[in-house]
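Read through the structure below, which is laid out as C-alpha coordinates, and then see the notes.
To find a chain, count down the sequence lines: A is the first, B the second, and so on, and within it residues start at 1.
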Protein chains: 2
Amino acid sequence: MKKVGEPAPKARLLKAAAALLAESNGEPVSTRQITQAARVTAPTLYHHFGDKEGLFDAVVAEGFSEYLDAERGLPASGQPIEDLRNHWDNHVQFGLDHPHLYLVMFGNIRPERRPSMVASAEAFLEEVLARAAAAARLVVSPREAARSMLAANIGVTLMLIAEPAAKRNLELSAMTREAVISAVATDSEGDPTTQTEGTPSVVVAAIALNAALQSSHPDQLSSSELKLFLEWLQRISSRSGS
Amino acid sequence: MKKVGEPAPKARLLKAAAALLAESNGEPVSTRQITQAARVTAPTLYHHFGDKEGLFDAVVAEGFSEYLDAERGLPASGQPIEDLRNHWDNHVQFGLDHPHLYLVMFGNIRPERRPSMVASAEAFLEEVLARAAAAARLVVSPREAARSMLAANIGVTLMLIAEPAAKRNLELSAMTREAVISAVATDSEGDPTTQTEGTPSVVVAAIALNAALQSSHPDQLSSSELKLFLEWLQRISSRSGS
DNA sequence: GTAGCACCTATAGCACTGTTATATGAACCA
DNA sequence: TGGTTCATATAACAGTGCTATAGGTGCTAC
(Lines give C-alpha, C1' and ligand atoms only; values in the text may rest on other atoms or scores of the structure.)
Protein backbone atom coordinates (compact mmCIF):
# COMPACT_ATOMS: atom_id res chain seq x y z
CA MET A 1 0.00 0.00 0.00
CA LYS A 2 0.95 3.62 -0.23
CA LYS A 3 1.57 6.14 2.43
CA VAL A 4 -1.60 7.82 3.59
CA GLY A 5 0.00 10.82 5.21
CA GLU A 6 0.66 12.35 1.83
CA PRO A 7 -1.26 12.01 -1.38
CA ALA A 8 0.40 10.27 -4.28
CA PRO A 9 2.24 12.37 -6.85
CA LYS A 10 -0.51 11.85 -9.38
CA ALA A 11 -3.09 13.37 -7.06
CA ARG A 12 -0.70 16.15 -6.09
CA LEU A 13 -0.21 17.00 -9.75
CA LEU A 14 -3.94 17.15 -10.32
CA LYS A 15 -4.46 19.33 -7.29
CA ALA A 16 -1.57 21.65 -8.11
CA ALA A 17 -2.70 22.00 -11.70
CA ALA A 18 -6.26 22.77 -10.67
CA ALA A 19 -5.11 25.33 -8.12
CA LEU A 20 -2.66 27.09 -10.43
CA LEU A 21 -5.17 27.05 -13.25
CA ALA A 22 -7.75 28.65 -11.01
CA GLU A 23 -5.42 31.30 -9.62
CA SER A 24 -3.52 32.32 -12.71
CA ASN A 25 -6.20 34.43 -14.31
CA GLY A 26 -6.64 32.63 -17.58
CA GLU A 27 -3.00 33.11 -18.49
CA PRO A 28 -1.19 29.93 -19.45
CA VAL A 29 0.30 27.80 -16.69
CA SER A 30 3.61 26.09 -17.40
CA THR A 31 4.37 22.48 -16.67
CA ARG A 32 7.32 23.61 -14.60
CA GLN A 33 5.12 25.63 -12.29
CA ILE A 34 2.86 22.63 -11.87
CA THR A 35 5.54 20.04 -11.28
CA GLN A 36 7.33 22.37 -8.89
CA ALA A 37 4.15 23.04 -6.93
CA ALA A 38 3.53 19.30 -6.76
CA ARG A 39 7.18 18.72 -5.69
CA VAL A 40 7.72 16.42 -8.62
CA THR A 41 9.85 16.46 -11.74
CA ALA A 42 8.73 16.63 -15.31
CA PRO A 43 8.79 12.95 -16.32
CA THR A 44 6.30 11.93 -13.64
CA LEU A 45 3.81 14.32 -15.16
CA TYR A 46 4.27 12.73 -18.56
CA HIS A 47 4.26 9.27 -17.09
CA HIS A 48 0.84 9.76 -15.53
CA PHE A 49 -0.89 12.04 -18.00
CA GLY A 50 1.13 11.64 -21.18
CA ASP A 51 0.69 15.24 -22.05
CA LYS A 52 0.17 18.69 -20.64
CA GLU A 53 -3.20 18.62 -22.30
CA GLY A 54 -3.80 15.23 -20.78
CA LEU A 55 -3.28 16.69 -17.34
CA PHE A 56 -5.56 19.60 -18.09
CA ASP A 57 -8.17 17.26 -19.46
CA ALA A 58 -8.02 15.33 -16.22
CA VAL A 59 -8.53 18.54 -14.28
CA VAL A 60 -11.47 19.45 -16.45
CA ALA A 61 -12.93 15.98 -16.17
CA GLU A 62 -12.71 16.23 -12.39
CA GLY A 63 -14.47 19.59 -12.37
CA PHE A 64 -16.97 18.27 -14.80
CA SER A 65 -17.91 15.31 -12.68
CA GLU A 66 -18.28 17.74 -9.81
CA TYR A 67 -20.67 19.68 -12.01
CA LEU A 68 -22.64 16.61 -12.95
CA ASP A 69 -22.79 15.49 -9.34
CA ALA A 70 -24.24 18.85 -8.40
CA GLU A 71 -26.76 18.54 -11.20
CA ARG A 72 -27.73 15.04 -10.19
CA GLY A 73 -27.98 16.14 -6.59
CA LEU A 74 -30.80 18.48 -7.36
CA PRO A 75 -34.01 16.83 -6.26
CA ALA A 76 -36.82 16.18 -8.67
CA SER A 77 -39.55 18.33 -7.22
CA GLY A 78 -42.35 16.78 -9.19
CA GLN A 79 -42.82 20.07 -10.96
CA PRO A 80 -40.79 19.58 -14.12
CA ILE A 81 -40.76 23.23 -15.11
CA GLU A 82 -39.50 24.28 -11.72
CA ASP A 83 -36.81 21.62 -12.00
CA LEU A 84 -35.70 23.15 -15.26
CA ARG A 85 -35.27 26.50 -13.55
CA ASN A 86 -33.21 24.91 -10.81
CA HIS A 87 -30.92 23.18 -13.27
CA TRP A 88 -30.46 26.37 -15.23
CA ASP A 89 -29.56 28.31 -12.12
CA ASN A 90 -27.25 25.57 -10.95
CA HIS A 91 -25.43 25.67 -14.25
CA VAL A 92 -24.95 29.42 -14.03
CA GLN A 93 -23.82 29.18 -10.44
CA PHE A 94 -21.25 26.54 -11.27
CA GLY A 95 -19.87 28.78 -14.00
CA LEU A 96 -19.58 31.72 -11.63
CA ASP A 97 -17.99 29.56 -8.95
CA HIS A 98 -15.37 28.05 -11.25
CA PRO A 99 -14.98 30.61 -14.02
CA HIS A 100 -11.69 29.37 -15.46
CA LEU A 101 -12.74 25.78 -15.38
CA TYR A 102 -16.00 26.77 -17.00
CA LEU A 103 -14.26 28.64 -19.80
CA VAL A 104 -12.27 25.56 -20.66
CA MET A 105 -15.29 23.33 -20.37
CA PHE A 106 -17.76 25.32 -22.42
CA GLY A 107 -15.98 28.28 -23.97
CA ASN A 108 -12.76 26.85 -25.32
CA ILE A 109 -14.31 24.61 -27.89
CA ARG A 110 -11.96 22.48 -29.89
CA PRO A 111 -14.39 20.55 -32.03
CA GLU A 112 -12.96 17.15 -31.08
CA ARG A 113 -12.26 17.74 -27.41
CA ARG A 114 -15.76 18.79 -26.61
CA PRO A 115 -18.12 15.85 -27.14
CA SER A 116 -17.32 13.88 -23.99
CA MET A 117 -17.99 16.95 -21.93
CA VAL A 118 -20.83 18.98 -23.30
CA ALA A 119 -22.56 16.01 -24.82
CA SER A 120 -23.06 14.43 -21.43
CA ALA A 121 -24.34 17.70 -19.99
CA GLU A 122 -26.73 17.79 -22.89
CA ALA A 123 -27.75 14.19 -22.29
CA PHE A 124 -28.42 14.86 -18.65
CA LEU A 125 -30.52 17.92 -19.38
CA GLU A 126 -32.38 15.82 -21.86
CA GLU A 127 -33.31 13.41 -19.08
CA VAL A 128 -34.78 16.22 -17.06
CA LEU A 129 -36.67 17.43 -20.08
CA ALA A 130 -37.93 13.95 -20.75
CA ARG A 131 -39.64 14.08 -17.39
CA ALA A 132 -41.20 17.36 -18.40
CA ALA A 133 -42.33 15.75 -21.61
CA ALA A 134 -43.87 12.92 -19.66
CA ALA A 135 -45.86 15.51 -17.78
CA ALA A 136 -47.12 16.77 -21.12
CA ARG A 137 -45.42 20.11 -20.66
CA LEU A 138 -43.12 20.09 -23.65
CA VAL A 139 -43.97 21.51 -27.04
CA VAL A 140 -40.82 20.25 -28.76
CA SER A 141 -38.77 17.11 -28.49
CA PRO A 142 -36.61 16.79 -25.38
CA ARG A 143 -33.52 16.62 -27.53
CA GLU A 144 -34.18 19.88 -29.30
CA ALA A 145 -35.26 21.49 -26.08
CA ALA A 146 -32.10 20.37 -24.32
CA ARG A 147 -29.86 21.74 -27.03
CA SER A 148 -31.61 25.06 -27.09
CA MET A 149 -31.67 25.43 -23.34
CA LEU A 150 -28.05 24.44 -22.94
CA ALA A 151 -26.91 26.80 -25.68
CA ALA A 152 -28.68 29.72 -24.10
CA ASN A 153 -27.51 28.67 -20.67
CA ILE A 154 -23.90 28.63 -21.80
CA GLY A 155 -24.22 31.93 -23.58
CA VAL A 156 -25.66 33.62 -20.53
CA THR A 157 -23.08 32.12 -18.21
CA LEU A 158 -20.20 33.17 -20.45
CA MET A 159 -21.56 36.69 -20.55
CA LEU A 160 -21.93 36.83 -16.80
CA ILE A 161 -18.45 35.49 -16.24
CA ALA A 162 -17.04 38.06 -18.61
CA GLU A 163 -18.33 41.05 -16.77
CA PRO A 164 -16.88 42.22 -13.47
CA ALA A 165 -18.34 40.38 -10.51
CA ALA A 166 -19.56 43.59 -8.95
CA LYS A 167 -21.64 44.65 -11.92
CA ARG A 168 -23.15 41.25 -12.58
CA ASN A 169 -26.84 41.40 -13.24
CA LEU A 170 -28.42 38.04 -12.66
CA GLU A 171 -31.64 39.36 -14.09
CA LEU A 172 -30.13 38.56 -17.47
CA SER A 173 -30.06 34.92 -16.49
CA ALA A 174 -33.59 34.81 -15.12
CA MET A 175 -34.96 36.64 -18.11
CA THR A 176 -33.29 34.46 -20.71
CA ARG A 177 -34.14 31.37 -18.73
CA GLU A 178 -37.82 32.20 -18.78
CA ALA A 179 -37.60 33.03 -22.45
CA VAL A 180 -36.23 29.65 -23.41
CA ILE A 181 -38.37 27.70 -21.02
CA SER A 182 -41.56 29.36 -22.13
CA ALA A 183 -40.69 28.63 -25.74
CA VAL A 184 -40.00 25.01 -25.03
CA ALA A 185 -42.66 24.20 -22.50
CA THR A 186 -46.20 25.25 -21.84
CA ASP A 187 -46.76 26.91 -18.54
CA SER A 188 -50.15 26.22 -17.06
CA GLU A 189 -51.23 29.81 -17.13
CA GLY A 190 -51.55 31.71 -20.35
CA ASP A 191 -51.60 35.48 -20.41
CA PRO A 192 -52.76 36.89 -23.70
CA THR A 193 -52.02 40.57 -23.57
CA THR A 194 -53.78 42.31 -26.34
CA GLN A 195 -51.72 45.19 -27.54
CA THR A 196 -53.04 48.07 -29.57
CA GLU A 197 -51.71 48.30 -33.09
CA GLY A 198 -48.22 49.62 -32.53
CA THR A 199 -47.44 52.92 -34.12
CA PRO A 200 -44.24 54.76 -33.38
CA SER A 201 -45.87 58.07 -32.64
CA VAL A 202 -45.43 59.68 -29.26
CA VAL A 203 -49.09 60.48 -29.07
CA VAL A 204 -50.25 56.96 -29.72
CA ALA A 205 -47.79 55.58 -27.23
CA ALA A 206 -48.91 58.10 -24.68
CA ILE A 207 -52.55 57.20 -25.25
CA ALA A 208 -51.77 53.54 -24.91
CA LEU A 209 -49.92 54.11 -21.71
CA ASN A 210 -52.68 56.28 -20.40
CA ALA A 211 -55.21 53.60 -21.11
CA ALA A 212 -53.10 50.93 -19.56
CA LEU A 213 -52.66 52.95 -16.43
CA GLN A 214 -56.39 53.15 -15.92
CA SER A 215 -56.62 49.48 -15.11
CA SER A 216 -53.35 48.87 -13.36
CA HIS A 217 -51.58 51.38 -11.19
CA PRO A 218 -47.85 50.84 -10.94
CA ASP A 219 -46.27 50.75 -7.52
CA GLN A 220 -43.09 52.44 -8.69
CA LEU A 221 -44.73 55.87 -8.36
CA SER A 222 -46.35 57.40 -5.34
CA SER A 223 -49.95 58.50 -5.72
CA SER A 224 -49.02 62.17 -5.92
CA GLU A 225 -46.36 61.45 -8.47
CA LEU A 226 -48.79 59.36 -10.45
CA LYS A 227 -51.33 62.15 -10.44
CA LEU A 228 -48.89 64.64 -11.96
CA PHE A 229 -47.59 61.99 -14.31
CA LEU A 230 -51.06 61.30 -15.62
CA GLU A 231 -51.66 64.99 -16.08
CA TRP A 232 -48.56 65.36 -18.21
CA LEU A 233 -49.44 62.24 -20.09
CA GLN A 234 -52.81 63.77 -20.83
CA ARG A 235 -51.14 66.91 -22.12
CA ILE A 236 -48.85 64.93 -24.41
CA SER A 237 -51.75 62.93 -25.71
CA SER A 238 -53.82 65.98 -26.48
CA ARG A 239 -52.02 67.21 -29.53
CA SER A 240 -50.02 65.62 -32.28
CA GLY A 241 -46.42 66.69 -32.61
CA SER A 242 -44.53 63.88 -34.29
CA MET B 1 6.07 56.42 -51.29
CA LYS B 2 6.08 52.68 -51.16
CA LYS B 3 5.93 50.12 -53.84
CA VAL B 4 2.39 49.31 -54.90
CA GLY B 5 3.10 45.98 -56.47
CA GLU B 6 3.43 44.39 -53.05
CA PRO B 7 1.66 45.18 -49.82
CA ALA B 8 3.65 46.58 -46.94
CA PRO B 9 5.09 44.16 -44.37
CA LYS B 10 2.53 45.22 -41.82
CA ALA B 11 -0.34 44.26 -44.11
CA ARG B 12 1.45 41.07 -45.10
CA LEU B 13 1.81 40.13 -41.44
CA LEU B 14 -1.87 40.72 -40.80
CA LYS B 15 -2.87 38.68 -43.80
CA ALA B 16 -0.49 35.84 -43.02
CA ALA B 17 -1.60 35.74 -39.41
CA ALA B 18 -5.25 35.69 -40.36
CA ALA B 19 -4.69 32.96 -42.93
CA LEU B 20 -2.61 30.75 -40.65
CA LEU B 21 -5.01 31.30 -37.79
CA ALA B 22 -7.91 30.26 -39.97
CA GLU B 23 -6.19 27.18 -41.37
CA SER B 24 -4.48 25.83 -38.29
CA ASN B 25 -7.48 24.29 -36.61
CA GLY B 26 -7.45 26.18 -33.36
CA GLU B 27 -3.96 24.98 -32.54
CA PRO B 28 -1.53 27.70 -31.64
CA VAL B 29 0.28 29.51 -34.44
CA SER B 30 3.87 30.51 -33.81
CA THR B 31 5.33 33.88 -34.59
CA ARG B 32 7.97 32.18 -36.67
CA GLN B 33 5.35 30.63 -38.94
CA ILE B 34 3.73 33.99 -39.36
CA THR B 35 6.88 35.99 -40.01
CA GLN B 36 8.12 33.35 -42.40
CA ALA B 37 4.83 33.32 -44.29
CA ALA B 38 4.96 37.10 -44.47
CA ARG B 39 8.61 36.93 -45.60
CA VAL B 40 9.66 39.10 -42.71
CA THR B 41 11.82 38.68 -39.63
CA ALA B 42 10.76 38.75 -36.03
CA PRO B 43 11.55 42.36 -35.07
CA THR B 44 9.26 43.82 -37.72
CA LEU B 45 6.38 41.97 -36.15
CA TYR B 46 7.18 43.46 -32.76
CA HIS B 47 7.81 46.84 -34.27
CA HIS B 48 4.36 47.02 -35.77
CA PHE B 49 2.28 45.14 -33.23
CA GLY B 50 4.40 45.17 -30.10
CA ASP B 51 3.30 41.73 -29.17
CA LYS B 52 2.07 38.44 -30.52
CA GLU B 53 -1.19 39.19 -28.80
CA GLY B 54 -1.11 42.63 -30.35
CA LEU B 55 -0.99 41.08 -33.79
CA PHE B 56 -3.78 38.68 -32.97
CA ASP B 57 -5.83 41.51 -31.56
CA ALA B 58 -5.36 43.35 -34.82
CA VAL B 59 -6.56 40.31 -36.73
CA VAL B 60 -9.56 40.01 -34.47
CA ALA B 61 -10.30 43.72 -34.74
CA GLU B 62 -10.24 43.41 -38.52
CA GLY B 63 -12.61 40.48 -38.47
CA PHE B 64 -14.75 42.28 -36.00
CA SER B 65 -15.12 45.37 -38.11
CA GLU B 66 -16.03 43.07 -40.94
CA TYR B 67 -18.71 41.65 -38.69
CA LEU B 68 -20.01 45.04 -37.72
CA ASP B 69 -20.00 46.17 -41.34
CA ALA B 70 -22.11 43.17 -42.23
CA GLU B 71 -24.46 43.98 -39.39
CA ARG B 72 -24.72 47.61 -40.41
CA GLY B 73 -25.23 46.59 -44.00
CA LEU B 74 -28.47 44.84 -43.18
CA PRO B 75 -31.29 47.10 -44.26
CA ALA B 76 -33.89 48.33 -41.82
CA SER B 77 -36.99 46.76 -43.25
CA GLY B 78 -39.42 48.82 -41.26
CA GLN B 79 -40.50 45.68 -39.47
CA PRO B 80 -38.34 45.75 -36.36
CA ILE B 81 -39.01 42.17 -35.34
CA GLU B 82 -38.04 40.91 -38.75
CA ASP B 83 -34.88 42.99 -38.49
CA LEU B 84 -34.06 41.28 -35.24
CA ARG B 85 -34.34 37.92 -36.93
CA ASN B 86 -32.03 39.04 -39.70
CA HIS B 87 -29.41 40.29 -37.30
CA TRP B 88 -29.56 37.08 -35.30
CA ASP B 89 -29.11 34.98 -38.43
CA ASN B 90 -26.33 37.20 -39.66
CA HIS B 91 -24.51 36.75 -36.37
CA VAL B 92 -24.78 32.98 -36.57
CA GLN B 93 -23.70 32.98 -40.18
CA PHE B 94 -20.64 35.05 -39.40
CA GLY B 95 -19.70 32.58 -36.69
CA LEU B 96 -20.04 29.65 -39.04
CA ASP B 97 -18.10 31.43 -41.77
CA HIS B 98 -15.20 32.40 -39.51
CA PRO B 99 -15.28 29.82 -36.73
CA HIS B 100 -11.77 30.38 -35.37
CA LEU B 101 -12.11 34.13 -35.43
CA TYR B 102 -15.45 33.80 -33.75
CA LEU B 103 -14.08 31.62 -30.99
CA VAL B 104 -11.50 34.25 -30.19
CA MET B 105 -14.05 37.03 -30.42
CA PHE B 106 -16.80 35.56 -28.30
CA GLY B 107 -15.61 32.31 -26.78
CA ASN B 108 -12.14 33.05 -25.52
CA ILE B 109 -13.11 35.54 -22.93
CA ARG B 110 -10.35 37.17 -20.99
CA PRO B 111 -12.33 39.55 -18.82
CA GLU B 112 -10.28 42.60 -19.80
CA ARG B 113 -9.82 41.86 -23.46
CA ARG B 114 -13.46 41.53 -24.16
CA PRO B 115 -15.20 44.86 -23.61
CA SER B 116 -14.09 46.62 -26.75
CA MET B 117 -15.41 43.76 -28.81
CA VAL B 118 -18.56 42.34 -27.35
CA ALA B 119 -19.61 45.63 -25.83
CA SER B 120 -19.84 47.25 -29.23
CA ALA B 121 -21.77 44.32 -30.63
CA GLU B 122 -24.08 44.72 -27.70
CA ALA B 123 -24.36 48.45 -28.32
CA PHE B 124 -25.22 47.92 -31.93
CA LEU B 125 -27.87 45.36 -31.15
CA GLU B 126 -29.25 47.80 -28.66
CA GLU B 127 -29.71 50.33 -31.45
CA VAL B 128 -31.73 47.87 -33.44
CA LEU B 129 -33.77 47.07 -30.40
CA ALA B 130 -34.33 50.73 -29.72
CA ARG B 131 -36.07 50.92 -33.06
CA ALA B 132 -38.22 48.00 -32.02
CA ALA B 133 -38.98 49.80 -28.81
CA ALA B 134 -39.98 52.87 -30.75
CA ALA B 135 -42.48 50.73 -32.60
CA ALA B 136 -43.92 49.68 -29.25
CA ARG B 137 -42.77 46.14 -29.74
CA LEU B 138 -40.54 45.71 -26.71
CA VAL B 139 -41.59 44.54 -23.29
CA VAL B 140 -38.24 45.14 -21.64
CA SER B 141 -35.65 47.87 -22.00
CA PRO B 142 -33.52 47.72 -25.13
CA ARG B 143 -30.44 47.26 -22.99
CA GLU B 144 -31.72 44.20 -21.20
CA ALA B 145 -33.13 42.83 -24.41
CA ALA B 146 -29.83 43.30 -26.20
CA ARG B 147 -27.87 41.49 -23.53
CA SER B 148 -30.25 38.59 -23.43
CA MET B 149 -30.42 38.24 -27.17
CA LEU B 150 -26.69 38.49 -27.62
CA ALA B 151 -26.01 35.95 -24.89
CA ALA B 152 -28.36 33.44 -26.44
CA ASN B 153 -27.04 34.23 -29.90
CA ILE B 154 -23.48 33.56 -28.81
CA GLY B 155 -24.43 30.37 -27.02
CA VAL B 156 -26.21 29.02 -30.05
CA THR B 157 -23.41 29.96 -32.41
CA LEU B 158 -20.77 28.35 -30.21
CA MET B 159 -22.79 25.20 -30.08
CA LEU B 160 -23.25 25.14 -33.85
CA ILE B 161 -19.57 25.76 -34.44
CA ALA B 162 -18.66 22.95 -32.09
CA GLU B 163 -20.55 20.27 -33.90
CA PRO B 164 -19.42 18.84 -37.21
CA ALA B 165 -20.53 20.89 -40.16
CA ALA B 166 -22.40 18.00 -41.69
CA LYS B 167 -24.62 17.38 -38.70
CA ARG B 168 -25.38 21.02 -38.03
CA ASN B 169 -29.01 21.59 -37.31
CA LEU B 170 -29.91 25.20 -37.88
CA GLU B 171 -33.30 24.58 -36.38
CA LEU B 172 -31.60 25.06 -33.03
CA SER B 173 -30.82 28.61 -34.04
CA ALA B 174 -34.28 29.43 -35.33
CA MET B 175 -35.95 27.91 -32.33
CA THR B 176 -33.85 29.72 -29.75
CA ARG B 177 -34.10 32.91 -31.74
CA GLU B 178 -37.88 32.85 -31.65
CA ALA B 179 -37.79 31.98 -27.97
CA VAL B 180 -35.74 35.01 -27.05
CA ILE B 181 -37.49 37.36 -29.41
CA SER B 182 -40.93 36.41 -28.26
CA ALA B 183 -39.86 36.92 -24.67
CA VAL B 184 -38.47 40.32 -25.41
CA ALA B 185 -40.94 41.67 -27.87
CA THR B 186 -44.59 41.41 -28.68
CA ASP B 187 -45.53 40.30 -32.12
CA SER B 188 -48.24 42.67 -33.27
CA GLU B 189 -49.77 40.36 -35.85
CA GLY B 190 -52.49 39.41 -33.42
CA ASP B 191 -50.40 36.60 -32.15
CA PRO B 192 -51.33 35.30 -28.71
CA THR B 193 -47.75 35.30 -27.52
CA THR B 194 -47.68 34.60 -23.87
CA GLN B 195 -45.65 37.00 -21.86
CA THR B 196 -43.78 35.88 -18.82
CA GLU B 197 -45.55 36.22 -15.54
CA GLY B 198 -48.25 38.55 -16.73
CA THR B 199 -46.19 41.60 -17.55
CA PRO B 200 -48.81 44.31 -17.69
CA SER B 201 -49.08 46.19 -20.91
CA VAL B 202 -48.33 49.30 -18.91
CA VAL B 203 -44.70 48.39 -19.22
CA VAL B 204 -45.00 47.86 -22.94
CA ALA B 205 -46.62 51.21 -23.46
CA ALA B 206 -44.19 52.97 -21.15
CA ILE B 207 -41.21 51.55 -22.99
CA ALA B 208 -42.67 52.49 -26.32
CA LEU B 209 -43.35 56.02 -25.17
CA ASN B 210 -39.89 56.28 -23.72
CA ALA B 211 -38.36 55.26 -27.01
CA ALA B 212 -40.60 57.59 -29.00
CA LEU B 213 -39.65 60.51 -26.81
CA GLN B 214 -35.98 59.95 -27.58
CA SER B 215 -36.47 61.11 -31.14
CA SER B 216 -39.08 63.80 -30.77
CA HIS B 217 -39.42 66.01 -27.75
CA PRO B 218 -42.93 67.34 -27.28
CA ASP B 219 -43.43 71.04 -26.73
CA GLN B 220 -46.31 70.52 -24.35
CA LEU B 221 -43.91 70.03 -21.46
CA SER B 222 -41.19 72.33 -20.23
CA SER B 223 -37.70 70.95 -20.15
CA SER B 224 -37.73 70.54 -16.41
CA GLU B 225 -41.10 68.87 -16.50
CA LEU B 226 -39.89 66.59 -19.26
CA LYS B 227 -36.87 65.62 -17.26
CA LEU B 228 -38.93 64.46 -14.32
CA PHE B 229 -41.45 62.87 -16.62
CA LEU B 230 -38.76 60.77 -18.27
CA GLU B 231 -37.43 59.76 -14.92
CA TRP B 232 -40.79 58.44 -13.84
CA LEU B 233 -41.27 56.80 -17.16
CA GLN B 234 -38.00 55.01 -16.64
CA ARG B 235 -39.16 53.82 -13.28
CA ILE B 236 -42.38 52.46 -14.69
CA SER B 237 -40.54 50.78 -17.53
CA SER B 238 -38.37 48.72 -15.22
CA ARG B 239 -40.16 45.61 -14.18
CA SER B 240 -40.61 45.07 -10.50
CA GLY B 241 -41.11 41.36 -9.95
CA SER B 242 -38.84 38.57 -11.06
C1' DG C 1 25.66 67.12 -52.27
C1' DT C 2 25.62 65.48 -47.28
C1' DA C 3 24.49 65.59 -42.68
C1' DG C 4 21.00 64.61 -39.70
C1' DC C 5 16.84 62.28 -38.58
C1' DA C 6 13.04 59.47 -38.22
C1' DC C 7 11.39 55.19 -39.72
C1' DC C 8 11.61 50.39 -40.81
C1' DT C 9 14.02 45.94 -41.08
C1' DA C 10 17.68 42.20 -40.07
C1' DT C 11 21.34 39.48 -37.25
C1' DA C 12 21.94 36.95 -33.41
C1' DG C 13 20.80 35.62 -29.17
C1' DC C 14 18.25 35.08 -24.47
C1' DA C 15 15.14 32.88 -21.26
C1' DC C 16 11.59 29.95 -21.24
C1' DT C 17 8.36 26.40 -22.94
C1' DG C 18 6.73 21.36 -23.65
C1' DT C 19 8.79 17.13 -24.14
C1' DT C 20 11.84 12.97 -23.98
C1' DA C 21 16.03 9.54 -24.00
C1' DT C 22 18.22 7.59 -20.48
C1' DA C 23 19.07 6.08 -15.93
C1' DT C 24 17.97 5.13 -11.02
C1' DG C 25 15.29 3.50 -7.40
C1' DA C 26 11.50 0.69 -5.33
C1' DA C 27 8.22 -3.05 -5.07
C1' DC C 28 6.64 -7.55 -6.27
C1' DC C 29 7.19 -12.49 -7.96
C1' DA C 30 10.33 -16.31 -9.13
C1' DT D 1 18.93 -14.15 -5.41
C1' DG D 2 17.58 -12.31 -9.87
C1' DG D 3 14.17 -10.47 -13.02
C1' DT D 4 10.25 -7.71 -14.24
C1' DT D 5 7.46 -3.72 -13.72
C1' DC D 6 6.18 0.50 -12.04
C1' DA D 7 7.50 5.22 -10.60
C1' DT D 8 10.59 8.97 -10.29
C1' DA D 9 14.88 11.79 -11.39
C1' DT D 10 18.90 13.84 -14.40
C1' DA D 11 19.93 16.24 -18.23
C1' DA D 12 19.14 17.67 -22.50
C1' DC D 13 16.48 18.80 -27.00
C1' DA D 14 14.00 21.61 -30.32
C1' DG D 15 10.85 25.19 -30.53
C1' DT D 16 8.63 29.30 -28.46
C1' DG D 17 7.99 34.55 -27.62
C1' DC D 18 10.75 38.25 -27.44
C1' DT D 19 14.69 41.84 -27.73
C1' DA D 20 19.48 44.40 -27.64
C1' DT D 21 21.88 45.97 -31.14
C1' DA D 22 22.85 47.48 -35.50
C1' DG D 23 22.11 48.33 -40.42
C1' DG D 24 19.78 50.21 -44.16
C1' DT D 25 16.05 53.42 -46.25
C1' DG D 26 13.92 57.71 -47.50
C1' DC D 27 13.21 62.34 -46.19
C1' DT D 28 14.24 67.37 -45.03
C1' DA D 29 17.73 71.17 -44.02
C1' DC D 30 21.57 73.32 -45.02
[N] [atom2] sits how many Å from [X] [atom1], rounded?
{"X": "A/His48", "N": "C/dT19", "atom1": "NE2", "atom2": "P", "result": "16 Å"}
{"X": "B/Leu20", "N": "D/dT16", "atom1": "CG", "atom2": "P", "result": "12 Å"}
{"X": "A/Arg12", "N": "D/dA7", "atom1": "CZ", "atom2": "P", "result": "14 Å"}
{"X": "B/Gln36", "N": "C/dA10", "atom1": "CD", "atom2": "P", "result": "13 Å"}
{"X": "B/Phe56", "N": "D/dG17", "atom1": "CZ", "atom2": "C1'", "result": "11 Å"}
{"X": "A/Leu45", "N": "C/dG18", "atom1": "CG", "atom2": "P", "result": "9 Å"}
{"X": "B/Asp51", "N": "D/dC18", "atom1": "CG", "atom2": "C1'", "result": "9 Å"}
{"X": "B/Ile34", "N": "D/dT16", "atom1": "CD1", "atom2": "P", "result": "11 Å"}

I want to verify a distance call: between C/dA10, D/dT10, D/dG17, whose nearest atom is closest to the A/Pro43 side chain?
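Given the options C/dA10, D/dT10, D/dG17, the side chain of A/Pro43 is closest to D/dT10.
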Heavy atoms only, 4.0 Å cut-off, all strands: where does B/Thr41 land among base, sugar-phosphate and nothing?
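It contacts base atoms.
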Is [X] near enough to [N] that one of its side-chain N or O atoms lies under 4.0 angstrom from OP1 or OP2?
{"X": "B/Ser30", "N": "D/dG15", "answer": "no"}
{"X": "B/Tyr46", "N": "D/dC18", "answer": "yes"}
{"X": "A/His47", "N": "D/dT8", "answer": "no"}
{"X": "B/Thr31", "N": "D/dT16", "answer": "no"}

Per the atom types in the model, does the base of D/dG17 pair as donor or acceptor with the side chain of B/Arg32 at under 3.5 Å?
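In this structure, the two groups form a donor-acceptor pair.
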Between A/Val29 and B/Ala42, which residue's closest nucleotide on DNA chain C lies nearer the 5′ terminus?
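Taking each residue's closest nucleotide, the earlier one in sequence belongs to B/Ala42.
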Taking the six-membered ring for Trp, is the centroid-to-centroid distance between A/Phe106 and A/His91 below 6.0 Å?
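Yes, they do, as the ring centres are separated by less than 6.0 Å.
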Side chain A/Arg131, main chain A/Pro80, donor-acceptor under 3.5 Å:
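Checking the backbone N and O of A/Pro80 against the side chain of A/Arg131, no donor-acceptor pair under 3.5 Å is found.
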Kindly say whether A/Glu144 contributes a backbone atom to a donor-acceptor pair with the side chain of A/Ser148 at under 3.5 angstrom?
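Pair absent, no side-chain N/O of A/Ser148 close to backbone of A/Glu144.
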Charged N to carboxylate O under 4.0 angstrom, B/Arg147 versus A/Glu163?
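Counted as a salt bridge, because a side-chain N and a carboxylate O are separated by less than 4.0 Å.
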B/Gln36 atom CD, neighbour heavy-atom count above 12 within 6.0 Å
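12 or below, so no.
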